[in-house]
Undergrad: 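Structure incoming, see below.
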Amino acid sequence: MPSVVITGAGRGLGLEFARQYAADGWSVVATVRTPAAADELRRLAGDVRVELLDMRDHQALAGFAGRLGDAPLDLLIANAGVSGPDRLVSAEEAGRWLQVFDVNVVAPTLLAQTLAPKVIAARGKLVAITSQMGSIADNASGGWTAYRASKAALNAAWRSMAVEMADEPIAIAMLHPGWVKTDMGGAGAMIEIPDSIASLRRVIAGLEPADKGVFLNHQGQTLPW
């Protein structure tokens with residue numbers, strides 16, 4: 001059966017990714033920061049393995065491939081992320097900005113590099129859940145500055161990774177899930193979580209090795225950098 005690693009799988013988009021892939025017969029490794037609190041994840045039907053992974057623990061990220069055994073990996077979905085402060089006018093906010101960049105940029109990039117040999121062996125796919133708010137060209141409203149900057153940096157890092165892996169038989173994509181009714185998106189968001197994930201899965205299924213460092217929305221449309 002195909003295999004997927006999903007980070008930030010305890011709730012929201014990550015939980016729904018795990019639910020849908022498990023329901024379709026995938027072997028799912030679902031990572032969370034607090035396994036003891038992942039009750040809903042543990043109740044999912046199918047082949048779901050819950051793993052502790054703190055995205056701020058660089059040593060754990062670098063060694064994560066060793067916890068998965070020798071089998072190839074068909075898909076990584078680097079989904080875990082945080083929003084952070086809206087501005088930068090104090091030392092405390094500066095520290096929180098660094099935490100946002102650690103979780104949203106450093107962690108998914110390090111994990112992708114760590115798991116890349118397994119994904120290459122499977123001729124699989126590396127996917128980061130990013131945001132249209134990381135588009136510099138699309139920013140006409142301001143706000144959410146730390147989050148925007150981190151997602152722009154994530155896009156840049158994964159684009160560089162894609163260039164470096166240009167000859168490898170894998171797809172590398174940064175995907176925007178839309179404005180979804182999650183804790184971050186809020187109740188006023190336009191898209192239900194299951195609908196967003198179903199759309200993202202269709203986009204992921206259609207990715208080919210020629211798709212290196214693409215920035216797409218949940219409908220598969222290219223977004224501006």
Undergrad: Say whether Val106 and Leu53 are linked into one hydrophobic cluster, either directly or through other cluster members, by side-chain heavy-atom distances under 4.5 angstrom.
TA: no
Undergrad: Starting from the C-alpha separation in whole Å, work towards a yes-or-no answer on side chain to side chain contact (heavy atoms under 4.5 Å, CB included) for Thr130 and Trp158.
TA: CA-CA 10 Å; Thr130 185; Trp158 277 54; over 6 Å; no
Undergrad: Whether the side chain of Lys151 engages the backbone of Asn104 through a donor-acceptor N/O pair (distance < 3.5 Å, no angle test) should be reported.
TA: no
Undergrad: With a 4.5 Å cut-off on side-chain heavy atoms, are Trp26 and Ile6 touching?
TA: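 Heavy-atom side-chain distance check fails, nothing below 4.5 Å.
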Undergrad: Decide side chain to side chain contact (heavy atoms under 4.5 Å, CB included) for Ile77 and Ile129; before the verdict, give the C-alpha distance in whole Å, the side-chain angles of both, and the deciding distance to 0.1 Å.
TA: CA-CA 7 Å; Ile77 301 177; Ile129 301 304; 4.0 Å; yes
Undergrad: Measure across Val105 and Ser150 and return the closest heavy-atom pair with its distance rounded to 0.1 Å.
TA: CG2-O, 3.2 Å
Undergrad: Could you tell me the separation between the CG atom of Leu44 and the CG atom of Leu15, rounded to the nearest 0.5 Å?
TA: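 Here the interatomic distance stands at 5.5 Å.
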Undergrad: Roughly how far, to the nearest 0.5 Å, is OG1 of Thr109 from CG of Leu61?
TA: 10.5 Å
Undergrad: Kindly indicate whether the side chain of Val82, heavy atoms from C-beta on, has any atom under 4.5 Å from the side chain of Gln99.
TA: no
Undergrad: Any salt bridge linking Glu16 with Arg19? Criterion: basic side-chain nitrogen under 4.0 Å from a carboxylate oxygen.
TA: yes
Undergrad: Between the main-chain N or O of Val163 and the side-chain N or O of Lys212, is there a donor-acceptor pair closer than 3.5 Å?
TA: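 Between the backbone of Val163 and the side chain of Lys212 there is no qualifying donor-acceptor contact (under 3.5 Å).
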Undergrad: What's the spacing between Ile172 CD1 and Met161 CE if we round to 0.5 Å?
TA: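 Going from CD1 on Ile172 over to CE on Met161, the span is 5.0 Å.
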Undergrad: Is the number of heavy atoms from other residues, nucleotides or ligands under 6.0 Å of Ile136 CD1 greater than 12?
TA: no
Undergrad: Can you name the nearest heavy-atom pair linking Ala18 to Leu41, along with the distance?
TA: CB-CD1, 3.9 Å
Undergrad: Could you tell me whether the side chain of Ser135 and the main chain of Pro224 form a donor-acceptor pair under 3.5 Å?
TA: yes
Undergrad: Is the closest side-chain heavy-atom distance between Ser196 and Leu13 below 4.5 Å?
TA: yes
Undergrad: Can you list the steps and then say if Arg42 with Val32 is a side chain to side chain contact (heavy atoms under 4.5 Å, CB included)?
TA: CA-CA 11 Å; Arg42 292 184 183 280; Val32 293; over 6 Å; no
Undergrad: When rounded to the nearest 0.5 angstrom, what is the spacing between CG in Asp195 and CG in Leu200?
TA: 11.0 Å
Undergrad: Search all heavy atoms of Ser27 against all heavy atoms of Asp47 and return the closest pair with its distance.
TA: OG-OD2, 3.1 Å
Undergrad: Should we say atom CZ of Arg33 is surrounded by more than 12 heavy atoms from elsewhere, each under 6.0 Å from it?
TA: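 12 or below, so no.
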Undergrad: Roughly how far, to the nearest 0.5 Å, is the CH2 atom of Trp179 from the CE atom of Met133?
TA: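 Reported to 0.5 Å precision, the distance equals 10.5 Å.
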Undergrad: Which of parallel (below 30°), tilted (30 to 60°) and perpendicular (above 60°) describes Trp144 and Tyr147?
TA: perpendicular
Undergrad: Quick check: do Asp24 and Arg201 have side-chain heavy atoms less than 4.5 Å from each other?
TA: yes
Undergrad: Please report the shortest heavy-atom distance between Val103 and Pro108, naming the atom on each side.
TA: O-CD, 3.1 Å
Undergrad: I'd like to check Leu207 versus Leu216 (side-chain heavy atoms, cut-off strictly below 4.5 Å). Are they in contact?
TA: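 Answer yes - side chains close enough.
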Undergrad: So do the side chains of Val127 and Leu175 get within less than 4.5 Å of each other, counting heavy atoms only?
TA: yes
Undergrad: Are any of the side-chain heavy atoms of Ile197 and Val180 separated by less than 4.5 Å?
TA: no
Undergrad: If you round to the nearest 0.5 Å, how far is CG of Leu111 from OG1 of Thr31?
TA: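 Rounded to the nearest 0.5 Å, the OG1-CG separation comes out at 7.5 Å.
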Undergrad: Do Ser141 and Arg148 pair up side chain to side chain, a donor and an acceptor below 3.5 Å, judged on atom types alone?
TA: yes
Undergrad: Ile191 and Gly178: which non-hydrogen atoms are nearest, and at how many Å?
TA: CD1-CA, 3.9 Å
Undergrad: Give a yes or no on whether the backbone of Ser199 and the side-chain of Gln219 come within a donor-acceptor separation of less than 3.5 Å.
TA: no
Undergrad: Can you get from Met174 to Leu223 by hopping between Ile, Leu, Val, Met, Phe, Trp and Tyr side chains that sit under 4.5 Å apart?
TA: yes
Undergrad: For the pair Ile204 and Tyr21, evaluate side chain to side chain contact (heavy atoms under 4.5 Å, CB included) and give the outcome as yes or no after the intermediate values.
TA: CA-CA 12 Å; Ile204 291 169; Tyr21 275 112; 3.8 Å; yes
Undergrad: So does Arg123 have more than 12 non-hydrogen atoms from other groups sitting under 6.0 Å from CZ?
TA: no
Undergrad: Looking at side-chain heavy atoms only, is the closest gap between His176 and Gln221 below 4.5 Å?
TA: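 In short, these two side chains do not touch, never coming nearer than 4.5 Å.
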Undergrad: Looking at every heavy atom in both Ala45 and Ala22, which two are closest together, and how far apart are they?
TA: O-CB, 3.4 Å
Undergrad: Establish, yes or no, whether the cationic atom of Arg159 lies under 6.0 Å from the six-membered ring centre of Phe215 and within 45° of the ring axis.
TA: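 Arg159 over Phe215 ring: no.
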